[in-house]
Asker: 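My questions will all concern the structure given below.
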Amino acid sequence: MTTSDGRNEKLPDEHIERLKENVNKVEELSKRLVEVMAGKKSHTPALDGPNQELFAKAATAYLSEALQNPAKLLEHQIQFWGKSVLNFAEAQQALTKGEVDDDDSMRPDKRFSNPMWETNPYFRLIRQQYETNAAAIAGAVASVDDIDVKDKQRLQFFSQQIIDMMSPTNFLATNPDALEKAVETEGQSLIQGLENLVADLEANDGEMVVRLADESAFEVGQNIATTPGDVVYRNRLMELIQYKPTTETVHETPLLLFPPWINKFYILDLKAQNSMIKWVTEQGYTLFVVSWANASEAHADVGIDDYIEEGFLTAIEQVKSICNVKQVNAVGYCIAGTTLSLTLALLKQRGDTSVKSATFFTALTDFGDQGEFTPFLQNDFVDGIEDQISKDGVLKAWVIGRTMSFLRSNDLIYGPAIRSYMMGETPPAFDLLYWNGDGANLPGRMAVQYLRGLCQSNDFVNDGFDLLGHKLHVRDVDVPLMAITCETDHIAAWKDCYRGVQQMGSRSKTFIVSESGHIAGIVNPPSKKKYGHYTNPDLKGDSNTWLNEAEFHQGSWWPLWEKWLHKRSGKQIPARSTGDSSHPSLAPAPGSYVLVKATN
């Protein structure tokens with residue numbers, strides 16, 4: 001090694017050995033990377049982005065505007081050029097002076113929390129120019145007028161994805177945190193990051209699915225999903241779990257909870273202190289929870305009708321038989337809430353009163369406004385999904401997970417990727433993120449029915465959804481109901497849920513908006529005293545009127561729900577043991593279906 005004064009010094013032996021080890025690791029990891037990418041399974045290109053027709057429409061509209069109003073285009077360009085030159089001049093001045101002038105014009109952004117983004121002229125220029133570029137792209141999209149409203153919404157969404165992807169924090173040479181870590185660890189962080197990248201690619205057949213949590217830290221049934229119970233019934237679509245009582249007496253009417261089959265049920269039983277399942281048993285209810293099968297090719301022809309017949313209706317009958325009752329109280333979460341609504345409409349038309357009351361957690365029934373999912377619910381994407389389903393038989397979990405992640409790409413894609421692949425960090429031991437990564441495949445026919453008939457055509461609200469020989473309509477949902485929605489829900493926007501509840505035929509409706517999002521707003525135990533909720537018995541006005549006139553309550557909505565449920569759950573009887581002579585324990589909770597991992 002040559003020093004700054006020209007002398008030659010021998011590198012310490014330990015440095016040479018470490019260098020050799022790292023070089024060998026890079027060679028080994030490079031081979032694995034080549035192998036996994038060579039074996040990557042192909043998928044329909046439409047799943048990766050919108051049809052090029054969208055961008056062609058935007059370009060045509062933009063050029064048309066430029067020809068009709070060239071001054072407007074020139075003004076945008078001059079602003080962009082002027083700002084770019086100013087950014088460069090400020091950087092030159094800072095280099096000359098040796099210090100950066102204070103500037104409070106930069107917007108707070110947690111991606112740029114490292115002080116070097118403000119104090120170092122190089123990184124400051126990169127950030128300023130990135131923000132200038134981002135503003136220019138957003139401005140160009142905003143100026144496109146002669147385009148369909150949905151196309152404009154999609155253009156805004158995908159252009160923002162490009163802006164987020166091109167953030168300088170996503171590249172090693174322009175990420176001071178990653179560079180500092182590499183220097184501090186003598187490059188070991190980069191080696192570890194490459195190992196993390198290769199491991200994630202290998203685990204997902206070459207698809208880039210960032211691991212969000214340390215999977216070795218959790219085991220379902222051991223340190224999460226541990227509330228005692230038994231599987232008392234099983235068929236090809238579900239395991240029915242009855243949880244053991246924790247009180248000497250229970251309400252006579254049992255409670256049957258249907259979680260979404262897009263995810264696994266144990267989000268409601270992560271750990272004792274935030275387990276809704278455990279809390280419900282402590283309130284004196286006989287609780288049954290459905291654990292859905294993780295779809296494989298064998299489920300390709302399973303549709304929503306099968307979920308209703310073999311899932312919802314079968315579970316209701318099994319619970320009635322085990323508890324020797326004529327009615328149950330039912331709960332549906334997310335897509336299971338949507339399907340519970342369909343089931344209730346079917347029961348209404350059949351004259352069946354097996355469900356005494358219904359509770360909906362973040363459940364959409366009116367899809368007239370597709371909200372943040374609009375970019376993914378147009379024909380080019382859904383056509384691509386149908387094409388992929390025709391090959392796989394199922395809608396793969398990684399497709400669903402990636403779509404959900406792009407609604408919060410900086411938090412769920414780029415941020416975790418930076419920490420894992422550039423910084424070489426082990427993902428955190430966080431139970432919620434572990435659950436988030438434990439996805440489920442969807443049966444192909446069911447996925448298409450849901451996307452075409454409900455999301456796109458909105459048949460349940462419009463002309464009726466054809467199913468099982470009936471034309472089901474939201475107005476046929478007439479049992480007493482409570483709907484819990486979440487204020488910042490990206491998946492089932494509360495205003496859309498509200499509009500669906502308004503159209504239900506029930507004379508007894510309770511509507512709640514919880515603070516926070518799709519998960520945290522529901523998994524909000526009273527002990528945490530974290531998120532509050534809004535109530536308003538008047539559902540006649542629009543959603544804005546409802547919220548403006550609503551009363552805010554501190555803390556969880558769970559006690560309010562229990563008070564409502566208490567009135568509809570009958571007298572107290574001695575606590576029931578799990579199952580009966582016709583329903584012996586098939587396995588202890590959480591059962592076997594929940595352990596099946598999604599195939600890639």
Side-chain angles (χ1 to χ4, degrees), residues 218-247 250 253-272 275-278 280-281 285-299 302 306-325 328-333 336 339-340 343 354 394 435 438-443 446 573-599:
F218 301 101
E219 185 175 353
V220 177
Q222 297 300 315
N223 58 354
I224 50 177
T226 59
T227 301
D230 290 289
V231 175
V232 293
Y233 178 83
R234 179 188 292 132
N235 63 22
R236 65 169 182 157
L237 288 186
M238 68 165 183
E239 288 184 328
L240 180 64
I241 302 171
Q242 182 180 359
Y243 284 90
K244 294 182 178 180
T246 58
T247 55
V250 295
T253 304
L255 185 64
L256 172 56
L257 194 156
F258 296 97
W261 51 92
I262 291 176
N263 303 105
K264 295 184 177 179
F265 81 90
Y266 65 86
I267 185 61
L268 300 173
D269 191 32
L270 284 178
K271 50 192 175 186
S275 170
M276 176 179 279
I277 287 174
K278 180 175 182 292
V280 167
T281 63
Y285 294 89
T286 302
L287 176 64
F288 293 81
V289 176
V290 166
S291 174
W292 300 103
N294 203 332
S296 66
E297 290 183 20
H299 299 93
V302 169
D306 298 302
Y307 273 92
I308 289 178
E309 287 195 307
E310 299 179 44
F312 286 75
L313 297 180
T314 297
I316 289 169
E317 289 305 312
Q318 296 301 320
V319 171
K320 286 165 55 180
S321 173
I322 292 170
C323 296
N324 193 26
V325 295
V328 305
N329 290 317
V331 182
Y333 192 169
T339 310
L340 175 59
T343 304
S354 293
V394 298
W435 167 85
D438 189 12
N441 299 327
L442 299 184
M446 170 264 141
I573 62 171
R576 303 175 173 105
S577 57
T578 57
D580 61 17
S581 59
S582 301
H583 298 82
S585 176
L586 303 178
S592 59
Y593 280 9
V594 74
L595 303 179
V596 177
K597 298 294 183 180
T599 55

Asker: Where do Val394 and Leu442 land on the side-chain contact (heavy atoms from CB on, under 4.5 Å) test, with the steps shown first?
Answerer: CA-CA 5 Å; Val394 298; Leu442 299 184; over 6 Å; no
Asker: Does the side chain of Val325 come within less than 4.5 Å of Thr253's, by heavy atoms?
Answerer: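 Thr253 does not reach Val325 side chain to side chain.
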Asker: Is the side chain of Glu239 donor-acceptor paired with the backbone N or O of Tyr593 at a distance under 3.5 Å, no angle test?
Answerer: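 Side chain of Glu239 to backbone of Tyr593: a pair is present.
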Asker: Could you report the tightest heavy-atom contact between Gly311 and Phe258, atom names first, then the distance?
Answerer: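 Scanning both residues, the minimum pair turns out to be O-CE2, 4.2 Å.
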Asker: Compare all side-chain heavy atoms of Leu240 with those of Leu256 and state whether any distance is below 4.5 angstrom.
Answerer: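 Counting from C-beta outward, Leu240 and Leu256 do come under 4.5 Å.
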Asker: Let me confirm one number: the CZ-CG distance from Arg576 to Leu287, rounded to the nearest 0.5 Å.
Answerer: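 Output value for this atom pair is 12.0 Å.
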Asker: Just by modelled atom types, is the Asp580 backbone N or O under 3.5 Å from a matching donor or acceptor in the His583 side chain?
Answerer: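 Checked: no pair found.
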Asker: Salt bridge check, Lys278 against Asp269: does any charged N sit closer than 4.0 Å to a carboxylate O?
Answerer: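 Looking at Asp269 and Lys278, the cut-off is not met.
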Asker: I'd like to know if the side chain of Thr314 reaches the main chain of Glu309, judged simply by a donor and an acceptor atom lying under 3.5 Å from each other, with no hydrogens or angles considered.
Answerer: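 Yes, Thr314 side chain to Glu309 backbone: donor-acceptor pair under 3.5 Å.
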Asker: Taking the side chain as every heavy atom from C-beta outward, state whether Cys323 and Thr286 have any pair of such atoms under 4.5 Å apart.
Answerer: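 Touching, per the 4.5 Å side-chain cut-off.
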Asker: When rounded to the nearest 0.5 angstrom, what is the spacing between CG in Leu586 and CZ in Arg234?
Answerer: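 It is 5.0 Å, given to the nearest 0.5 Å.
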Asker: Sequence neighbours excluded, which residues qualify as ring pair (Phe, Tyr, Trp, His ring centres under 6.0 Å) partners of Tyr307?
Answerer: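 By the ring pair (Phe, Tyr, Trp, His ring centres under 6.0 Å) rule, Tyr307 matches Trp261, Trp292.
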Asker: Can you check whether Asn441's main-chain N or O pairs, donor with acceptor, with Asn294's side chain at less than 3.5 Å?
Answerer: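 Looks like yes, one N/O pair under 3.5 Å.
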Asker: Run Gln242 and Val231 through side-chain contact (heavy atoms from CB on, under 4.5 Å) and show every step you take.
Answerer: CA-CA 6 Å; Gln242 182 180 359; Val231 175; over 6 Å; no
Asker: What pair of heavy atoms forms the shortest contact from Leu595 to Lys264, and how long is it?
Answerer: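 Minimum heavy-atom separation between Leu595 and Lys264: C-NZ, 4.4 Å.
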Asker: Are any of the side-chain heavy atoms of Thr339 and Phe312 separated by less than 4.5 Å?
Answerer: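 The answer is yes, as the side chains (C-beta and beyond) meet within the 4.5 Å cut-off.
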Asker: So, do Leu313 and Thr343 sit near enough that their side-chain heavy atoms are less than 4.5 Å apart?
Answerer: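 Leu313 vs Thr343: side chains touch.
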Asker: Do the non-hydrogen side-chain atoms of Met238 and Glu310 ever get within less than 4.5 Å of each other?
Answerer: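 Of all side-chain heavy-atom pairs linking Glu310 with Met238, none is under 4.5 Å.
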Asker: For Asn263 and Tyr333: C-alpha separation, side-chain torsions, deciding distance, then whether side chain to side chain donor-acceptor pair (under 3.5 Å) applies.
Answerer: CA-CA 10 Å; Asn263 303 105; Tyr333 192 169; over 6 Å; no
Asker: Which heavy atom of Val319 sits nearest to which heavy atom of Pro254, and what is that distance?
Answerer: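 For Val319 and Pro254, the tightest heavy-atom pair comes out as CG1-CG, 3.5 Å.
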Asker: So does Glu297 have more than 12 non-hydrogen atoms from other groups sitting under 6.0 Å from CD?
Answerer: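 Count not over threshold, so no.
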Asker: Closest approach of Pro574 and Val250, non-hydrogen atoms and distance?
Answerer: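 Shortest heavy-atom contact: O-CG2, 4.0 Å.
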Asker: With distance as the sole criterion, is a donor-acceptor pair present between the side chains of Asp438 and Tyr266 under 3.5 Å?
Answerer: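 Side chains of Asp438 and Tyr266: pair found under 3.5 Å.
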Asker: If you look at every heavy atom in Tyr243 and Thr227, which pair is closest and at what distance?
Answerer: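 Scanning both residues completely, I find the closest heavy atoms to be CE2-O, 3.4 Å.
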Asker: Measure the spacing between CD1 of Ile267 and CH2 of Trp435 and express it to the nearest 0.5 Å.
Answerer: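 Separation between the atoms: 4.5 Å.
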Asker: Main chain of Thr281, side chain of Thr246: is a donor-acceptor contact present, judged purely on distance under 3.5 Å?
Answerer: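 Yes, because the side chain of Thr246 sits within donor-acceptor range (under 3.5 Å) of the backbone of Thr281.
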Asker: Side chains of Ser354 and Lys320 only: does a donor on one sit below 3.5 Å from an acceptor on the other?
Answerer: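 Present: a donor and an acceptor within the cut-off.
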Asker: Do you know which two heavy atoms are closest between Ser291 and Ile241, and how far apart they sit?
Answerer: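 Taking Ser291 first and Ile241 second, the nearest heavy atoms are CB-CD1, 4.1 Å.
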Asker: Roughly how far apart are Ser275 OG and Leu270 CG, rounded to 0.5 Å?
Answerer: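 These two atoms lie 8.0 Å from each other.
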Asker: Are Val290 and Leu257 close enough that some pair of their side-chain heavy atoms sits under 4.5 Å apart?
Answerer: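 A side-chain contact under 4.5 Å is absent here.
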Asker: Distance from Ile308 atom CD1 to Ile316 atom CD1, nearest 0.5 Å?
Answerer: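 Going from CD1 on Ile308 over to CD1 on Ile316, the span is 10.0 Å.
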Asker: Taking the side chain from Lys271 and the backbone from Ile224, do they hold a donor-acceptor pair closer than 3.5 Å?
Answerer: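 Looks like no, no N/O pair under 3.5 Å.
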Asker: Heavy-atom distance under 4.5 Å between the side chains of Val232 and Phe288, does that happen here?
Answerer: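 Of all side-chain heavy-atom pairs linking Phe288 with Val232, at least one is under 4.5 Å.
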Asker: List the residues meeting side-chain contact (heavy atoms from CB on, under 4.5 Å) with Glu219, not counting sequence neighbours, and say none if there are none.
Answerer: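 If we apply the side-chain contact (heavy atoms from CB on, under 4.5 Å) test to Glu219, skipping adjacent residues, the hits are Gln222, Asn223.
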Asker: List the residues meeting side chain to side chain donor-acceptor pair (under 3.5 Å) with Ser321, not counting sequence neighbours, and say none if there are none.
Answerer: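 Listed in chain order: nothing, the list is empty.
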